[in-house]
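First the structure, in the form of structure tokens, and then the observations on it.
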Amino acid sequence: MSGEKKVVCVTGASGYIASWLVKLLLERGFIVKASVRNPDDPKKTEHLLSLEGAKERLHLLRADLLEEGSFDALVEGCEGVFHTAAPAMLSTNDPQAEIIEPTVKGTLNVLRSCVKVPSVKRVVITSSMASVFDNRKPLNSDEVVDETWFSDPVYCKEKKNWYVLSKILAEKAAWKFAKENGIDLVTIHPGIVIGPLLQPTLNLSLAIVLNLIKDGGKTSPLSVFSTADVRDVAFTHIQAFEVPSASGRYCVVGHVLHNYEALKILKELYPALSIPEECEDEKALFPKPQMSKEKAKSLGVNFTPLEVSFRDAVESLKEKGFIDI
Ligand SMILES: NC(=O)c1ccc[n+]([C@@H]2O[C@H](COP(=O)([O-])OP(=O)(O)OC[C@H]3O[C@@H](n4cnc5c(N)ncnc54)[C@H](OP(=O)(O)O)[C@@H]3O)[C@@H](O)[C@H]2O)c1
């Protein structure tokens with residue numbers, strides 16, 4: 001029980017990654033203060049309240065990214081702060097108000113609460129590979145993307161890639177604020193996160209998997225996937241807090257694969273799925289870069305095999321009624 005008696009908090013606790021983070025923290029004995037936007041909505045809270053240890057050590061609080069000071073009560077008394085909350089969506093009519101502002105201002109809002117609390121030893125923010133490798137330079141298969149890479153905000157704005165832009169700007173603002181205010185900050189950069197769902201609702205990354213299953217990737221926003229298992233991502237967050245020498249950015253990508261490779265794995269696991277043959281053509285069109293695992297491995301992360309992540313994702317999509325294979 002490495003976390004026994006340590007108090008930590010998690011923002012956006014009802015989300016896909018955060019729910020797993022809360023589960024693993026409780027399993028390790030941490031006292032967890034968790035923020036949700038609406039504590040009265042059972043769809044957002046029941047799966048958290050039923051976790052082992054929740055009765056004794058989970059405290060739910062209401063907080064909103066856009067409300068100044070909203071996270072003060074959450075952060076109070078915590079040694080570790082895990083900031084995962086952000087609107088994870090690709091499109092909206094008002095990207096500034098609905099994606100960029102909550103992500104960037106919300107991150108600074110959480111960090112401002114941290115500065116007020118002397119007990120906070122480290123802040124771990126869930127960023128994304130989106131803020132690492134999205135730039136004008138075409139990626140080829142010789143390239144090894146690592147933590148020294150930065151996405152280009154001008155390029156992402158031109159492409160109207162608002163979610164990616166929000167993650168770039170939030171990370172940049174967080175590092176600047178942390179340096180100016182003496183915060184020990186670590187950022188975690190997962191690829192597309194897959195694996196089992198704890199919550200009853202669908203998040204963006206599992207919606208991508210679901211689309212892949214339903215239409216063979218025809219409407220998928222991605223041709224090349226960089227993936228990470230949700231349990232590995234949650235574990236990396238905990239190690240980033242627990243390992244004293246952890247610092248800087250951590251890419252968390254277990255596997256890079258083409259849509260058609262994902263479909264092949266799904267087909268092997270579930271032979272009843274119909275997979276379109278033309279997916280093979282993508283191989284020539286989209287080169288597959290390599291993504292460095294070295295820094296994540298230094299935190300003790302052992303990446304889950306892809307087949308296990310896909311199988312567990314599909315099984316939970318089935319169990320929660322999203323598909324019927
Ligand atoms: N899933 C991925 O593939 C992936 C990959 C890389 C990085 N990430 C990052 O990981 C984090 C979590 O992603 P996820 O996939 O777990 O997403 P998710 O399931 O959609 O969870 C997002 C959480 O953020 C909360 N949130 C959104 N707007 C908020 C606001 N204005 N105030 C307070 N809370 C707000 C949501 O609260 P409600 O439940 O109330 O809506 C939800 O709990 C995000 O920062 C995302 O950018 C995700």
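Order of appearance sets the numbers: ligands from 1, and atoms from 1 within every ligand.
- The minimum heavy-atom distance linking Pro287 with Ser141 is given by the pair CB-N, 4.1 Å.
- The shortest non-hydrogen separation linking Lys137 to Glu143 is NZ-OE2, 3.1 Å.
- Sorted by chain and number, the heavy-atom contacts of ligand 1 below 4.0 Å come from Gly12, Ser14, Gly15, Tyr16, Ile17, Arg37, Lys44, Ala63, Asp64, Leu65, Thr84, Ala85, Ala86, Pro87, Ala88, Thr126, Ser127, Ser128, Tyr163, Lys167, Pro190, Gly191, Ile192, Val193, Asn203, Ser205.
- Under the side chain to side chain contact (heavy atoms under 4.5 Å, CB included) criterion, Lys6 pairs with Phe30, Glu79, Phe241, Glu242, not counting sequence neighbours.
- Using modelled atom types, one side-chain atom of Thr11 and one backbone atom of Thr84 make a donor-acceptor pair closer than 3.5 Å.
- At a threshold of 4.0 Å, the pair Glu68-Arg112 counts as salt-bridged, since one of the basic side-chain nitrogens sits closer than that to a carboxylate oxygen.
- Salt bridge annotation for Glu268-Lys264: absent, with no cationic side-chain nitrogen under 4.0 angstrom from a carboxylate oxygen.
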